[in-house]
J.: 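Below is one structure. I have some questions about it.
Order of the sequence lines sets the chain letters (A, B, ...), proteins ahead of strands, with each chain counted from 1. Hydrogens, waters and symmetry mates are skipped; everything else that's a heavy atom, side chains included, is used.
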There are 2 protein chains.
Amino acid sequence: MKKKITIKEIAKILMVSVSTVSKAMNDSPEISEKTKKKVKELAKFYGYVPNHIAVSLKNQSTFNIGVIIPDIQNSFLAEVLKNIEVHAKKNGYRIITFFTGEKLKEERESLNILSNGMVEGIIVCPSEETFVERQFEHFKNIAETTPIVTFDRLHKELNFNSVSVDDDQSILKACAHFQETDAKNVLFVSSIGWLSVGKTRRRTFTSFIESESSLSGETIEEHELEDLRQKIEERLTDSSQPKVDAILGADIESTIIANAIIAKNKLKLIDEISLIGYVNKKHNELQHPRVSYINQFPEKVGEQAVELLIKNLKEDQKKITQEIIKTAIVVKDTSK
Amino acid sequence: MKKKITIKEIAKILMVSVSTVSKAMNDSPEISEKTKKKVKELAKFYGYVPNHIAVSLKNQSTFNIGVIIPDIQNSFLAEVLKNIEVHAKKNGYRIITFFTGEKLKEERESLNILSNGMVEGIIVCPSEETFVERQFEHFKNIAETTPIVTFDRLHKELNFNSVSVDDDQSILKACAHFQETDAKNVLFVSSIGWLSVGKTRRRTFTSFIESESSLSGETIEEHELEDLRQKIEERLTDSSQPKVDAILGADIESTIIANAIIAKNKLKLIDEISLIGYVNKKHNELQHPRVSYINQFPEKVGEQAVELLIKNLKEDQKKITQEIIKTAIVVKDTSK
DNA sequence: CTGTTAGCGCGTTCAT
DNA sequence: ATGAACGCGCTAACAG
């Protein structure tokens, strides 16, 4: 492997000083056009490119943003990630991405590594395990030296700039939508009861149902997707129980499963049963039937997260901003 | 924002030299246990962590791997990316990810930035535009100083270690599968005719059809997904033309669309029509019906790419390895 | 216009 | 056992 050429070597070849080369490369006005040309030509010839590490060390700035994501398979997170990258690039920043697999240990490590001069700020979606274990010290420690923006998942201990989604509202809106379209018995299905978002969503659902006499509700939660499918199917095909005329999917997986069961059992959409849930927008747009869904606007989440971080980078502010993105119910083929 | 503490400041506080602190932190045997303890305690107290940038500059090694991906929305690429990260981590490397949006310019920039000391090697899936424009110089230039592994997309000009998938074989296997299950007229649908993989897949399909008298075939290609959907639907519902009894989807989108049209028109799977295509495995496993698909083993692609790169990092080798992952047809509900 | 020097944070000889 | 000094590659303040 050929060694990368440095400014020093170019200087030696041209018999000038390193600073002359450096200035020439950076188009400093103190250098003559002649010298600039000479230097640049040689630099090009040898394929010189400034060593990013050295520049970062010198300037004490990397123009990198760290991103920590629990799981790339989660299509919402993937979409947010993409938009973070796009928006960061627009502002002249690169992103360095780590995945945690929802693990606390990985999250700690990622934060540590990133904060040691690699990046200027970190955008992070906290891992589930972090909430389960109620461990937030690592965030606080890192935040003392590196600006942090969290997204999607909130906790009162996480006192940072953040962008999240009005999760409660989504569920409430969906319930209200069912109510308005004369549903009687809503089945809430979830594969993320173990996740704190999952718990919140369920709680919101049950409390709504309890407060509304015109609507009754049931809940099926199961982490194992195959078990979840079985339970939902059993429930939907059990004619001895009150009829379920609407399903609310609490996450993408359970929504896909519910939709699959409806298709498999040839239940008549809208007439017999309605479905609202979370989806992969792109996929949903192509399939048939398209599921009515809760739009969480991942584009906005990503963009806002970058926005907040960059603002924080430029001006050292004290007051924190906790942004909430409003969601919307998008009616497609599975509901009125 | 609190400033990060450095070795120098610790040294001053303890009234020792920086080298003593450095050695103590790195457990050098030349430092007394007493001093080590003293240093480490203070370091911990102040939350000292070595500056990664400085260490990299000093050691001339970053333990970073650069990854360049055209599009994260592509679920195959997303899955490969995930596995690259997991496998890299296993080997003590981090990944720095850039997205190109299939653009040549972005690819060039990404390669430039990454190769300037940020990473020790780069894993890249070349962008479509790169193939269209037939520009490969930037790869060659970078490769002179930084080990490169390409994946998924091949070109004779890309003489690097690579991992790809036996794309021709996949299409051939699917055709053969149709043939064995007595299909007569296969419709090849694609939204990626503009992509070189797309062209190869189509060519493979047509040449197979032409060589086999027992099978006839047709092709619908359309970049605009809505147009594609319309054309396919028109064709399938047009009884004046010979019946299509099998569909081969050349990419995820067209496969979803084909599947949607089948569902919408209530065509009887297997009896009336079969479908094999590319899918998002996770999604497919949950939906109904599950589409018979071509498994490209993204896990293997990711793992092998890292493997190749790390081998290249350790030993400066000359002979290049072009690995081909064997694909497999996975029969689910949409084909015999 | 060009060069000298110092220093970013760290690790590593080589002295002491 | 501890410290001084150098250098990784680069930029910038200061001289000339």
J.: Does any non-hydrogen side-chain atom of B:I13 lie less than 4.5 Å from one of B:Y46?
T.: yes

J.: Could you tell me how far apart A:K3 (NZ) and D:dG9 (C1') are, to the nearest whole angstrom?
T.: 10 Å

J.: Atom CZ of A:F63 and atom P of D:dT11: how far apart are they, to the nearest Å?
T.: 14 Å

J.: Backbone N or O of B:T321 within a donor-acceptor pair of the B:N161 side chain at under 3.5 Å?
T.: yes

J.: Describe, as an angle rounded to 10 degrees, how the axis at the first end of the helix from C:dC1-D:dG16 to C:dT16-D:dA1 is tilted relative to the axis at the last end, five pairs per end.
T.: 50°

J.: Can you tell me the distance, in whole Å, between the CE atom of B:M118 and the P atom of D:dG9?
T.: 17 Å

J.: Taking salt bridge (Lys or Arg N to Asp or Glu O under 4.0 Å) as the definition, give me every residue that meets it alongside A:R94, ordered by chain and number, with sequence neighbours left out.
T.: none

J.: At a heavy-atom distance below 4.0 Å, what parts of residues 31-43 of chain A sit against DNA chain D?
T.: none

J.: With a 6.0 Å cut-off (strictly less than), is the heavy-atom count around NZ of A:K105, excluding the residue itself, greater than 12?
T.: no

J.: Does B:K82 use its side chain to pair, donor to acceptor, with the backbone of A:D71 at less than 3.5 Å?
T.: no

J.: Rounded to whole Å, please give me the gap between CG in A:N51 and C1' in D:dG9.
T.: 6 Å

J.: In whole Å, I'd like the distance from the CG atom of A:D27 to the C1' atom of D:dC10.
T.: 17 Å

J.: So do the side chains of A:I123 and A:I68 get within less than 4.5 Å of each other, counting heavy atoms only?
T.: no

J.: Between D:dA5 atom P and B:K8 atom NZ, what is the distance in whole Å?
T.: 14 Å

J.: Quick one: side chain to side chain donor-acceptor pair (under 3.5 Å) partners of B:Q73, sequence neighbours excluded?
T.: none

J.: Quick check: do B:I69 and B:F151 have side-chain heavy atoms less than 4.5 Å from each other?
T.: yes

J.: Is a side-chain N or O of A:T20 found less than 3.5 angstrom from the main chain of A:V16, in a donor-acceptor match?
T.: no

J.: Measuring to OP1 and OP2 of D:dG7, would you say a side-chain N or O of B:Q60 lies under 4.0 angstrom away?
T.: no

J.: Name the first nucleotide and the last nucleotide along DNA chain C (5' to 3') that come under 4.0 Å of a heavy atom in chain A.
T.: C:dC1 to C:dG9

J.: Taking the side chain from A:E85 and the backbone from B:F99, do they hold a donor-acceptor pair closer than 3.5 Å?
T.: yes

J.: Determine whether a donor-acceptor pair (N or O, by modelled atom type, separation under 3.5 Å) exists between the side chain of A:N59 and the backbone of A:S61.
T.: no

J.: Using a strict threshold of under 4.0 Å (side-chain N to carboxylate O), is an ion pair present between A:K4 and B:E144?
T.: no

J.: Specify whether A:F139 and A:F160 have parallel, tilted or perpendicular ring planes, treating 30° as the upper limit for parallel and 60° as the lower limit for perpendicular.
T.: tilted

J.: Given the rule in the salt bridge (charged side-chain N to carboxylate O under 4.0 Å, His left out) test, do A:E33 and A:K37 qualify, once you have shown the distances and angles that lead to the verdict?
T.: CA-CA 6 Å; A:E33 282 308 320; A:K37 203 177 150 215; over 6 Å; no

J.: When the distance from CD1 of B:I53 to C1' of D:dT11 is rounded to whole Å, what number comes out?
T.: 16 Å

J.: If I take atom CD1 in residue A:I7 and atom P in nucleotide D:dA12, what distance separates them, rounded to the nearest angstrom?
T.: 11 Å

J.: Which is more 5' along DNA chain C, the nucleotide nearest B:E30 or the one nearest B:A54? Just name the residue.
T.: B:A54

J.: Let's see if you get this right: which residues in residues 12-23 of chain A place a heavy atom under 4.0 Å from DNA chain D?
T.: A:S19, A:S22, A:K23

